[in-house]
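To start, the structure itself, in structure tokens.
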Number of protein chains: 2
Amino acid sequence: MITVQPSASREDYLKAIYVLEDEGQGPVSTNALSERVQAKPASVSGMLKQLAEGGWVDHTAYRGVSLTAAGRGIAVDVIRRHRLWEVFLVDRLGFGWDEVHDLAEQLEHVEHAELMNRLDAFLGHPAFDPHGDPIPRSDGTVVDPRRLITADALLPGQSAVVKGVVDSSDGFLRHLDALGIGLGTAFEVSEWHGFDGSATIAGKGLWTAAVLRNLYVEING
Amino acid sequence: MITVQPSASREDYLKAIYVLEDEGQGPVSTNALSERVQAKPASVSGMLKQLAEGGWVDHTAYRGVSLTAAGRGIAVDVIRRHRLWEVFLVDRLGFGWDEVHDLAEQLEHVEHAELMNRLDAFLGHPAFDPHGDPIPRSDGTVVDPRRLITADALLPGQSAVVKGVVDSSDGFLRHLDALGIGLGTAFEVSEWHGFDGSATIAGKGLWTAAVLRNLYVEING
DNA sequence: TTCATTTTTTAGGCAGGACTAAAAATAAAT
DNA sequence: ATTTATTTTTAGTCCTGCCTAAAAAATGAA
Ligand SMILES: [Mn+2]
Ligand SMILES: [Mn+2]
Ligand SMILES: [Mn+2]
Ligand SMILES: [Mn+2]
């Protein structure tokens with residue numbers, strides 16, 4: 001029996017493999033995937049067999065898994081849908097950037113050829129989602145011309161603008177809200193404190209190492 | 001084992017029972033439901049057992065099924081979500097009223113407490129969907145102050161405005177598009193043709209009986 | 001009322017996706 | 001090179017939601 005259509009569950013697995021492949025190098029382990037999709041390793045093993053049969057992944061037992069071109073195409077499309085929905089939810093419906101993940105996680109699986117193109121146009125063809133992540137184009141390419149570094153790599157006196165987050169967990173996002181930090185926030189590092197990795201930010205007080213290393217920024221000028 | 005959450009499938013069944021209960025009188029038959037949800041009667045029997053266990057329907061074997069208050073609440077909410085999404089798709093994304101049904105059929109099952117209230121506000125609290133059907137309020141009430149009749153009940157010389165459709169199949173909707181008939185179309189019956197039930201409409205040519213009996217209208221004045 | 005027809009339910013299966021427990025392969029440590 | 005620990009897969013179950021085939025109940029005619 002040939003599996004023809006990627007179900008919601010399969011789409012989530014493909015997306016997870018895509019992300020993990022991007023982060024690490026080489027094939028993705030069953031354990032890492034299990035952690036990511038919140039399922040037991042045994043369940044992942046079963047799903048990988050399906051995905052391999054469908055031609056979406058290459059899987060050698062005990063040796064990890066990697067996406068085929070077909071699998072990557074689907075993964076990128078799911079990510080595109082996820083991020084476009086996030087833009088809609090935040091920009092149009094007024095949700096906070098910490099509230100939209102679970103919702104987009106469902107909406108990304110709605111199946112319709114024309115829908116995402118129309119939503120994309122309606123939103124004005126956004127290039128980035130509310131967390132600063134690039135939105136793949138409908139042809140499957142992912143364009144990101146930005147030169148981002150994490151804020152903990154800035155030198156004293158350098159000024160920069162927040163463009164994204166490394167950790168996009170609700171908790172971190174809400175913490176940034178509390179600190180008044182969001183996408184577009186401009187700041188300048190006055191002084192580093194080597195003892196704990198924190199830094200004084202001109203006019204904004206102290207930012208901890210945990211915050212700084214999770215901010216993607218673009219240096220001014 | 002108690003079933004706690006209505007799945008997408010269960011929601012579709014509850015919605016179907018709601019509509020059929022509204023149309024006919026008395027409990028809904030397994031066969032009618034089977035037709036509506038496009039599943040075999042045997043499958044419906046199985047699902048009814050689940051729904052009864054969940055407390056969403058009352059079901060006596062061989063005697064038909066009816067919604068409990070809990071079941072009706074869910075059904076109305078699914079309909080609310082369906083119609084709000086339809087408004088979004090037609091009014092904001094520019095889909096035709098004949099293109100949105102399948103899409104709304106998926107979107108109606110997205111689970112999120114706050115989403116529909118925000119979408120409702122974003123759309124300006126619409127009272128009717130693109131097919132002229134009333135959108136239930138978030139408190140579960142369905143308000144429709146209109147006095148609608150089907151156009152085949154109009155008298156010669158009466159003028160009226162199209163407010164809805166009896167048959168909302170894609171085919172009928174596209175036929176109306178071809179004839180230039182839509183919600184808000186005002187017209188006046190010049191003359192009835194008893195032979196085939198068609199009528200001459202002032203300045204708009206001939207409308208057939210099949211069209212007239214499927215239009216909900218409000219009489220002018 | 002009895003028999004034929006229609007409707008509905010039960011019985012038995014299958015596929016998808018999850019789980020636990022146990023076995024097998026790989027990796028790490030003596 | 002063994003032994004031990006970790007990772008991954010297999011085996012066996014369960015639940016959901018559908019199916020077909022067969023049995024049972026209700027309906028309607030004769
Ligand atoms: Mn998802
Ligand atoms: Mn995002
Ligand atoms: Mn549906
Ligand atoms: Mn509608």
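Chain letters run A, B, ... following the sequence lines, proteins first and then strands; every chain starts at 1.
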Name the nucleic acid region contacted by B/Ser43, choosing base, sugar-phosphate or nothing; use a 4.0 angstrom heavy-atom cut-off, strictly under. base
Taking 4.0 Å as the cut-off, does a side-chain nitrogen or oxygen of A/His59 come that near to OP1 or OP2 on D/dT8? no
Where the side chain of B/Ser7 is concerned, which of C/dC19, C/dA18, D/dG17 is the nearest nucleotide? D/dG17
Rounded to whole angstroms, how far apart are CD on B/Glu35 and P on C/dT7? 12 Å
Report the residue from A/Arg80, A/Lys15, A/Arg83 that forms a salt bridge (Lys or Arg N to Asp or Glu O under 4.0 Å) with A/Glu108. A/Lys15
Are OP1 or OP2 of C/dG16 and a side-chain N or O of A/Gln50 less than 4.0 angstrom apart? no
In terms of side-chain heavy atoms, does A/Asp139 have a donor or acceptor partner in A/Thr141 at a distance below 3.5 Å? yes
Within this structure, what is the CZ-to-P distance between A/Arg10 and C/dA15, rounded to whole angstrom? 13 Å
Bend angle of the helix from C/dT1-D/dA30 to C/dT30-D/dA1, end axes from five pairs each (to 10°): 10°
Of the candidates D/dG17, C/dG16, D/dT9, the side chain of A/Tyr62 sits closest to D/dT9
Could you pick out which residue, A/Ala42 or B/Ala61, lies toward the 5' side of DNA chain C when each is mapped onto its nearest nucleotide? B/Ala61
Whole-Å distance, A/Leu33 CG to C/dA18 P, equals 11 Å
Rounded to whole Å, the CD-P distance (B/Glu53 to D/dC15) equals 11 Å
How about B/Asn31 and B/Ser29: does a side-chain donor come under 3.5 Å of a side-chain acceptor? no
Is there a donor-acceptor contact under 3.5 Å linking the side chains of B/Asp12 and B/His109? yes
Measuring to OP1 and OP2 of D/dT8, would you say a side-chain N or O of A/Arg63 lies under 4.0 angstrom away? no
Under the criterion ring pair (Phe, Tyr, Trp, His ring centres under 6.0 Å), I'd like the reasoning laid out for A/Phe95 against B/His112: C-alpha separation, chi angles, the key distance, then a yes or no. CA-CA 12 Å; A/Phe95 280 101; B/His112 194 274; 5.6 Å; yes
Output the rounded distance in Å from CG (A/Leu51) to P (C/dA15). 18 Å
Which class fits the ring pair B/Trp97 and B/His131: parallel under 30°, tilted 30 to 60°, perpendicular over 60°? parallel
Taking C/dA18, C/dT8, C/dG16 as options, the one with an atom nearest any side-chain atom of B/Asn31 is C/dT8
Please state whether the phosphate of D/dT10, meaning OP1 or OP2, lies under 4.0 angstrom from any side-chain nitrogen or oxygen of A/Lys49. yes
Would you mind classifying the nucleic acid contact of A/Thr30 as base, sugar-phosphate or nothing, using non-hydrogen atoms under 4.0 angstrom? sugar-phosphate
Ring-plane angle category for A/Phe122 and B/Phe88, please: parallel below 30°, perpendicular beyond 60°, tilted otherwise. perpendicular
Expressed in angstrom and rounded to an integer, what is the separation of B/Met47 atom CE from C/dT10 atom C1'? 17 Å
Which is true for B/Ser9 with a 4.0 Å heavy-atom rule: it touches a base, it touches only sugar-phosphate, or it touches nothing? sugar-phosphate
Does A/Tyr13 put a side-chain nitrogen or oxygen below 4.0 Å from OP1 or OP2 of C/dA18? yes
